Amino acid sequence: MKSASRLGDLVKILAPILKKNRDGYLLSAKEEIDIIGMEATDQEVYFLADILLSSSDIGDALVTLASLNDGDFEERSEREKARLLAYQQKVNADAKAAADRRVAEASAAKETKRIAEERAVERQLLAEAISNSLASAQANNPSYTEFQDYAVVSRLGVDQWILRRPVREAMLQGWIPVGGVHILGHAGLAEMLFSQAMALPANKPKSSLAPKDSF
């Protein structure tokens, strides 16, 4: 067995360092040992750390140290080295998983923003199309030469029939469909946004104007 006296001194140096950091102590321990003017291999530090971590205090660790032989040195040092390696691998895996989550969240936020901006552009184009349709209707259809307001009925779904009920309800209140159904879809999404422009003739009473999202 290596010098019991020297190893006992190393136990006393290593104990407070292990108490502060049981999973990343090697460099700190080697630096402290060097400052004191002693020497220790990595295997010796692992060996003594294994003893300290399995002991209740320094006295208990010194008793255990005195009872061990050379055959125990390699087994205990390799066991502690493997424990630290497993811990570091877990730290690295957790850090990678956290980084991957941040990348995925940033990508999802970017895609959500892109879709929102695209829908805003689509809605603006739809508003312009409605305005043009109303102007055309006023010019070409004497029955509806003036309109007092317009609205857009929109629903998420898998086909345009999801607009059937809300458009019918709007028509019962006096609103008139203008143009065809507008469809906005995105790759990878199960549902699409279906929209129908509705215009309210000027000859309808103001009371027939429906509140937002009432149909």
Side-chain angles (χ1 to χ4, degrees), residues 20-24 27 82-215:
K20 294 179 180 178
N21 184 1
R22 70 188 304 272
D23 297 312
L27 291 179
R83 184 189 75 81
L84 291 181
L85 178 60
Y87 170 79
Q88 191 57 53
Q89 289 174 338
K90 182 179 183 303
V91 169
N92 293 340
D94 290 345
K96 184 178 184 304
D100 290 344
R101 283 195 300 271
R102 288 193 294 271
V103 170
E105 289 169 357
S107 178
K110 183 177 180 181
E111 178 63 10
T112 298
K113 181 180 178 182
R114 184 191 68 78
I115 292 174
E117 290 175 346
E118 186 173 306
R119 286 185 174 176
V121 171
E122 291 288 343
R123 289 182 182 277
Q124 179 61 33
L125 292 175
L126 179 59
E128 293 175 0
I130 291 171
S131 178
N132 293 336
S133 296
L134 290 175
S136 177
Q138 290 174 353
N140 299 323
N141 191 341
S143 300
Y144 303 110
T145 57
E146 294 183 4
F147 296 90
Q148 60 175 296
D149 203 353
Y150 75 89
V152 178
V153 177
S154 298
R155 292 292 188 276
L156 285 171
V158 296
D159 59 53
Q160 66 185 24
W161 292 107
I162 196 169
L163 289 176
R164 184 174 183 178
R165 177 174 293 177
V167 168
R168 181 174 179 273
E169 291 176 357
M171 292 175 66
L172 290 175
Q173 297 181 43
W175 293 76
I176 299 170
V178 178
V181 175
H182 180 268
I183 303 172
L184 176 61
H186 296 277
L189 296 181
E191 295 184 321
M192 294 179 288
L193 180 66
F194 296 90
S195 301
Q196 173 64 59
M198 308 292 294
L200 185 66
N203 61 355
K204 292 293 180 180
K206 203 68 175 180
S207 60
S208 68
L209 190 62
K212 183 180 179 181
D213 297 329
S214 63
F215 44 72

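Heads up: numbering here begins at 1 and tracks the sequence. These numbers were taken from a predicted model, which means no experiment stands behind them.
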Participant: Side chain to side chain donor-acceptor pair (under 3.5 Å) with K96: which residues, sequence neighbours excluded?
Facilitator: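 In terms of side chain to side chain donor-acceptor pair (under 3.5 Å), with neighbours along the sequence ignored, K96 is linked to D100.
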Participant: With sequence neighbours excluded, what pairs up with A98 under the side-chain contact (heavy atoms from CB on, under 4.5 Å) test?
Facilitator: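 With neighbours one apart ignored, the set is R101, R102.
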Participant: According to side chain to side chain donor-acceptor pair (under 3.5 Å), who are the partners of E105, at least two apart in sequence or on a separate chain?
Facilitator: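 Side chain to side chain donor-acceptor pair (under 3.5 Å) check on E105 returns nothing, list empty.
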Participant: Compare every heavy atom of R155 with every heavy atom of P166, then report the nearest pair and how far apart it is.
Facilitator: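 Smallest interatomic distance, heavy atoms only, reads CB-NH2, 3.5 Å.
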Participant: Taking atom CD of E191 and atom CG of L184, what is their separation to the nearest 0.5 Å?
Facilitator: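 Separation between the atoms: 12.5 Å.
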Participant: Going by salt bridge (charged side-chain N to carboxylate O under 4.0 Å, His left out), name the residues that satisfy it together with D23, two or more places apart in sequence or in a different chain.
Facilitator: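 By the salt bridge (charged side-chain N to carboxylate O under 4.0 Å, His left out) rule, D23 matches R83.
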Participant: Within the structure provided, determine whether L84 and Q88 are in side-chain contact (heavy-atom separation under 4.5 Å).
Facilitator: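 Result no, sub-4.5 Å side-chain heavy-atom pair not found.
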Participant: Testing the basics here: between V178 and A199, what is the closest heavy-atom pair and its distance to 0.1 Å?
Facilitator: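 For V178 and A199, the tightest heavy-atom pair comes out as CG2-CB, 3.5 Å.
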Participant: Check this for me, if you would: do E111 and R114 make a salt bridge, where the nitrogen-to-carboxylate-oxygen distance has to be below 4.0 angstrom?
Facilitator: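 Salt bridge between E111 and R114, a charged N being under 4.0 Å from a carboxylate O: yes.
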Participant: Tell me every residue that passes side-chain contact (heavy atoms from CB on, under 4.5 Å) with L172, counting only those two or more places apart in sequence or in another chain.
Facilitator: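 Partners of L172 under the side-chain contact (heavy atoms from CB on, under 4.5 Å) test: R168.
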Participant: Can any side-chain N or O of T112 pair as donor or acceptor with the backbone N or O of A108 at less than 3.5 Å?
Facilitator: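 Answer holds: yes.
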Participant: Are I162 and M192 close enough that some pair of their side-chain heavy atoms sits under 4.5 Å apart?
Facilitator: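 A side-chain contact under 4.5 Å is absent here.
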Participant: Quick one: list whatever passes side-chain contact (heavy atoms from CB on, under 4.5 Å) with V181, sequence neighbours left out.
Facilitator: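 Residues passing side-chain contact (heavy atoms from CB on, under 4.5 Å) with V181: Q160, L163, I183, F194, Q196.
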Participant: Hey, what do you get for OG (S154) to CZ (R123), rounding to the nearest 0.5 Å?
Facilitator: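 Rounded to the nearest 0.5 Å, the OG-CZ separation comes out at 5.0 Å.
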Participant: Compare all side-chain heavy atoms of Q148 with those of P201 and state whether any distance is below 4.5 angstrom.
Facilitator: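 In short, these two side chains do not touch, never coming nearer than 4.5 Å.
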